[in-house]
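Let me begin by presenting the structure, written as structure tokens, before commenting on it.
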Amino acid sequence: MSDDHPETRPDPLAELLPELADAAAPVEQAQVALMLVYGISATEAIEVLHARARRDDLDTLDLATALVAALPGLGGSATLRERLDRLLGPGPPG
């Protein structure tokens, strides 16, 4: 009989989850940016990311990271901001 109890063994999946979440964040952020800018679905946005990465022989994560890093320099759409302001209600954000 072993002294190794399942409840005391480290869970390898639990150790990987934070890393997986960190890796997924830029892809999700890029996906949402594409959805907002192009008015496309989540599925279409991820397909665009994958297709562009394949076309340019890039890793999807690398492409998404570069896209997200470039977003602040693009400015914002006044129209989109106005629409979001209406959805969020009265008063300034924050």
Side-chain angles (χ1 to χ4, degrees):
M1 199 139 184
S2 171
D3 287 344
D4 203 12
H5 299 286
E7 63 274 359
T8 61
R9 275 188 268 157
D11 182 1
L13 184 58
E15 293 173 12
L16 282 176
L17 284 177
E19 291 177 35
L20 292 173
D22 288 345
V27 174
E28 291 173 359
Q29 291 168 351
Q31 181 181 18
V32 170
L34 292 172
M35 291 167 61
L36 286 170
V37 170
Y38 294 109
I40 59 179
S41 72
T43 300
E44 291 168 319
I46 202 69
E47 288 171 357
V48 167
L49 279 174
H50 288 310
R52 177 65 189 266
R54 277 192 308 273
R55 185 190 82 186
D56 294 345
D57 196 27
L58 297 169
D59 180 76
T60 301
L61 177 58
D62 292 341
L63 174 62
T65 300
L67 189 144
V68 169
L71 288 174
L74 297 177
S77 162
T79 302
L80 180 59
R81 266 196 305 277
E82 289 167 5
R83 288 179 181 171
L84 286 174
D85 286 346
R86 282 195 296 273
L87 288 171
L88 292 172

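The figures here come from the full heavy-atom set of this structure, side chains too, leaving out hydrogens, waters and symmetry mates. Note that the numbering runs from 1 along the sequence shown for the chain. Nothing here was measured: the structure is a model prediction, and the numbers come from that model.
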Going by the rule side chain to side chain contact (heavy atoms under 4.5 Å, CB included), which residues pair with [X] if we only count those two or more places apart in sequence or in a different chain?
X	answer
Glu28	Ala24
Ala45	Gln31, Leu34, Met35, Ile40
Asp59	Leu61, Asp62

Might you point out which heavy atoms bring [X] and [Y] nearest each other, and give the distance in Å?
X	Y	answer
Ala64	Pro26	CB-O, 3.6 Å
Ala30	Val68	N-CG2, 3.6 Å
Leu63	Ala53	CD2-N, 3.7 Å

Is [X] linked to [Y] within one hydrophobic cluster, defined over Ile, Leu, Val, Met, Phe, Trp and Tyr using a side-chain heavy-atom separation of less than 4.5 Å?
X	Y	result
Ile46	Val37	yes
Leu58	Val48	yes
Leu74	Leu36	no

Not counting sequence neighbours, list each pair that qualifies as a side-chain hydrogen bond (donor to acceptor under 3.5 Å, both in side chains) and has a residue in residues 32-44.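 Listed once each, the pairs are Ser41-Glu44.
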With sequence neighbours left out, the residues meeting side chain to side chain donor-acceptor pair (under 3.5 Å) with Thr65 are none
Partners meeting salt bridge (charged side-chain N to carboxylate O under 4.0 Å, His left out) with Arg52 (sequence neighbours left out): Asp56
